[in-house]
Trainee: 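Sending over a structure as structure tokens; questions will come in a sec.
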Amino acid sequence: MAQNNSVREETHKVGADQLIVLKGGSGKPLLVLHEELGYPGWMKWNAALSQRRTLLTPLYPGFGRSPLADWIMNIRDLASFIARFVREQNLAPIDVLGFSLGGWIAAEMAANDPSIFSKIVLVAPAGIRPPEGEIKDLFTVPALIYLRESVRDYASSPEFSALYDGGTSPEQYEAFEDARAETARLAWQPYMFNPSLPHLLEGTANNPALIVWGRNDQVVPISAAQVYQKSMKNAHTLVLDGCGHRPEVEKSEQFIKEVQNFLG
Amino acid sequence: MHIMWFTERQYHYDPETEPARSKLLESQILRNRSFFGLPNENFDAQQGSMLLNEYLDEKIYSEDLGFDGLMLNEHHGTPFCLGSVMDVEAAVLAKATKKAKIVLLGNPVPTVANALRLAEELAMIDLISKGRLVPGWVRGAGSEQLANNANPAYNREYFEEGVDFILKAWTKPGPFRYEGKHFHFRFVNPWVLPMQKPHPPIWIPGLISPDTVIWCAKKRFPYIALATKLEPTTEMWNLYTDAAAREGYQAGPENFGYLQPVFVSDNQQRAEELGKRFLYGGAFAHFARPEWMFPPGYNSKEATKRLARLPLAANLPGKPLHEGGGNETDEELEVLRNGVYARYEESKRDLQMIAGTPDYVIPRLRKVLEVLRPGIFSFWLDGPVGYKDRVKCLEMLGRDVIPAMREMGKELGLTDPFQRAPGSVKLAAGRQPERVAHPDGLASMPA
């Protein structure tokens with residue numbers, strides 16, 4: 001997995017449970033919420049954004065590093081858990097950047113308490129049922145196949161081979177299975193969406209938000225972007241051509257530029 | 001000894017009367033690398049109706065042939081097994097038979113959304129059969145979780161809570177309210193309760209899961225090994241026996257059962273030709289693709305760790321675990337098919353399939369009985385074999401093989417759970433339990 005020596009690992013107590021948080025960079029904190037396959041490693045975009053921001057990446061309980069918290073049984077539970085961490089660390093209001101499942105967690109946190117965030121960046125977030133198409137099922141394919149299909153063309157994505165250190169080691173197989181099992185506990189049914197989210201997100205009208213989507217996303221259909229945009233009155237949607245579910249890897253330069261401009 | 005017979009009730013075509021359809025279906029299974037998930041456009045309702053009726057007729061007839069128990073199971077979304085809701089078949093057998101036990105190994109509790117309804121279904125079968133039901137419980141294969149949309153990450157929790165709830169529904173006077181972790185019932189008061197008290201005897205089938213073996217020992221449920229290799233099966237017997245000792249009892253043959261693939265005919269060559277068809281479509285190895293066998297959270301962490309270090313997936317020859325199949329040429333499929341049937345010699349050597357005339361079969365069955373000493377024994381007949389040959393096999397088992405086995409059972413002291421209640425032999429604290437299995441017998445296999 002791509003490493004950065006300046007990234008430190010901190011262990012926090014949140015109630016009776018442990019939360020491991022990766023902390024890297026310097027400057028104003030930015031909460032980074034990882035995707036359903038777990039933390040993918042320190043990529044170009046991490047390096048770029050960490051020049052001006054301190055990236056805080058909580059490793060969700062049950063995803064392999066932070067111990068399982070048995071009582072967390074859905075995404076709203078997990079969102080409330082992360083929100084408690086943010087409050088207890090006096091981080092609110094904080095900017096947030098969430099990817100896929102992490103985007104859904106960010107959206108749930110915002111829906112529950114918009115004041116916890118300043119600016120919100122959602123990258124191809126799950127959480128809303130797409131009006132057209134279906135969210136790709138993580139649970140019926142091997143993790144590595146899902147990973148490959150998350151980009152438009154894995155052979156031509158220069159950073160793809162760095163994701164999860166290539167994803168083929170036995171240790172990574174175990175880590176993927178941890179992440180898939182916890183995602184199943186949280187989001188088995190309805191699969192990867194919450195019917196009430198579009199309604200509750202309407203309370204985020206005061207939060208500037210950037211919604212980023214690849215036009216060729218094969219994981220969360222781009223039709224869901226319209227619903228996010230409609231629910232979040234202060235959001236701007238950026239669609240990247242020739243890009244799948246991972247704009248941060250497939251179009252990293254454009255992604256970095258747009259996110260830096262938005263976050264300021 | 002309690003003697004049963006079992007078949008998966010495969011959807012198939014007779015290779016002798018319909019060779020083209022038989023080969024086409026098998027090719028589709030091999031190409032799919034899996035029975036599970038084969039598109040159901042390949043299902044012909046006429047054929048399905050004929051086969052289901054044949055299987056029921058065989059089961060009903062086998063009661064007259066001397067079998068003590070009629071064993072059923074269920075699988076979903078697969079030509080591997082037509083019994084997708086075995087309680088329906090069990091209800092038919094309950095009415096159409098008179099004395100055989102109806103043994104369900106087992107109901108996949110985690111995949112049944114309403115455990116109270118399952119308790120009611122089984123109670124009805126026990127009443128209709130006048131107390132001949134032996135229910136069993138399983139977690140269900142990984143693919144069953146997908147087919148039934150049951151969250152695999154909670155599979156073991158659903159299983160344990162579901163089983164406890166069903167027993168409670170049968171034994172605790174209602175009405176009562178049940179609030180568990182996963183199941184919630186506002187008003188538990190099933191009017192129809194089982195005839196057998198306090199509840200029907202419970203048997204549990206398994207494929208060498210240590211967790212399940214220990215759980216069975218704690219609950220005093222007999223454990224039925226489903227055609228697992230003999231040596232690891234004896235290790236499971238030891239695990240059970242030790243766990244039983246910790247519970248204060250001596251395990252005996254009444255605590256163990258074994259499912260044995262067998263095919264009998266009056267001609268050795270013919271018997272082997274038919275017995276070899278047990279490997280049809282790759283049989284267990286092709287039951288389902290790895291990603292369907294092991295959906296997220298279904299395996300324990302230890303099992304996942306072991307799986308992660310397997311160099312190749314069992315049903316994807318030459319390919320790593322995470323790769324899919326599906327692009328094979330006809331020539332590659334033929335190589336795959338030949339490889340599947342080439343496993344027959346190994347199955348024969350390890351007694352994983354015993355096919356032959358009664359003279360050939362009986363000494364090999366004796367070896368199995370000497371090594372495992374099970375109080376419950378089930379013959380397993382499977383593969384695409386026509387109705388006449390299957391019935392002939394059953395008749396020969398009843399006439400020539402079962403009487404010999406009963407004699408061996410007496411000689412070896414193989415008490416069954418109806419002769420001695422499992423868990424009823426007390427063992428003083430600190431005393432070493434006697435081993436039930438005799439693995440030393442594996443050193444000399446029949447020539």
Side-chain angles (χ1 to χ4, degrees), chain A residues 35-38 60-65 67-75 77-78 101 134 136-150 154 161 163-192, chain B residues 32-34 36-37 77 110-111 113 142-158 161 180-184 288-316 319-327:
Chain A
E35 60 189 86
E36 54 273 25
L37 286 174
Y60 315 140
F63 276 69
R65 296 294 314 283
L68 180 78
D70 192 47
W71 60 269
I72 296 178
M73 294 182 76
N74 57 53
I75 289 293
D77 289 347
L78 178 57
L101 178 92
E134 294 170 339
K136 184 172 181 60
D137 192 352
L138 166 66
F139 303 142
T140 55
V141 294
L144 200 60
I145 300 294
Y146 182 85
L147 180 64
R148 284 181 189 164
E149 292 181 0
S150 72
Y154 73 90
S161 61
L163 283 168
Y164 300 96
D165 240 3
T168 55
S169 70
E171 292 75 18
Q172 186 56 54
Y173 180 89
E174 287 181 69
F176 279 151
E177 290 311 300
D178 280 333
R180 281 167 21 101
E182 187 59 19
T183 302
R185 282 188 199 96
L186 302 175
W188 177 260
Q189 182 183 279
Y191 178 62
M192 285 284 192
Chain B
N32 192 45
R33 306 278 196 193
S34 173
F36 178 79
T111 70
S143 53
E144 324 295 354
Q145 317 310 313
L146 300 174
N148 291 281
N149 210 38
N151 192 335
Y154 287 124
N155 175 270
R156 193 163 281 282
E157 291 185 17
Y158 288 161
E161 186 181 338
K181 179 175 179 186
H182 295 291
F183 303 126
H184 304 268
R289 295 182 200 166
E291 63 268 30
W292 297 334
M293 285 297 275
F294 314 120
Y298 176 81
N299 274 338
S300 67
K301 282 198 161 243
E302 294 71 28
T304 299
K305 199 178 180 83
R306 281 196 302 275
L307 196 63
R309 283 155 184 81
L310 286 179
L312 299 170
N315 65 344
L316 295 170
K319 294 194 176 183
L321 187 64
H322 51 75
E323 295 283 354
N327 303 318

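This is a predicted model, so every value here is computed, not measured.
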Trainee: State the CG-OH distance between B:N149 and A:Y191, to the nearest 0.5 angstrom.
Mentor: 12.0 Å
Trainee: Roughly how far, to the nearest 0.5 Å, is the CD atom of A:E177 from the CG atom of B:L307?
Mentor: 7.5 Å
Trainee: For chain B, find which of A:P170, A:A179, A:S169 contributes the most heavy-atom pairs closer than 4.5 angstrom.
Mentor: A:P170
Trainee: I'd like to know which of B:G37, B:A153, B:S143 tops the heavy-atom pair count under 4.5 Å against chain A.
Mentor: B:A153
Trainee: Under the salt bridge (Lys or Arg N to Asp or Glu O under 4.0 Å) rule, what do B:R306 and A:E174 come out as? Steps first, then yes or no, please.
Mentor: CA-CA 10 Å; B:R306 281 196 302 275; A:E174 287 181 69; over 6 Å; no
Trainee: From A:L144 CG over to B:E291 CD, what is the distance, rounded to the nearest 0.5 angstrom?
Mentor: 11.5 Å
Trainee: Begin from the C-alpha positions of B:K181 and A:D70 and carry the test side-chain contact (heavy atoms from CB on, under 4.5 Å) through to its verdict.
Mentor: CA-CA 11 Å; B:K181 179 175 179 186; A:D70 192 47; 3.1 Å; yes
Trainee: Checking B:A150 against chain A: side chain, backbone, both or neither under 4.5 Å from a heavy atom?
Mentor: backbone
Trainee: Measure distances from A:D178 to the heavy atoms of chain B and classify the residue's part below 4.5 Å as side chain, backbone, both or neither.
Mentor: side chain
Trainee: Write down the atom of A:W188, the atom of B:N151, and the distance for their closest heavy-atom approach.
Mentor: CB-ND2, 3.3 Å
Trainee: A side-chain contact here means heavy atoms from C-beta on lying under 4.5 Å apart; do B:P295 and A:F139 qualify?
Mentor: no
Trainee: Enter the distance from B:Y154:OH to A:M73:CE here, rounded to the nearest 0.5 Å.
Mentor: 3.5 Å
Trainee: Please determine if A:E171 and B:K305 form a salt bridge, counting it only when a charged side-chain N lies under 4.0 Å from a carboxylate O.
Mentor: no
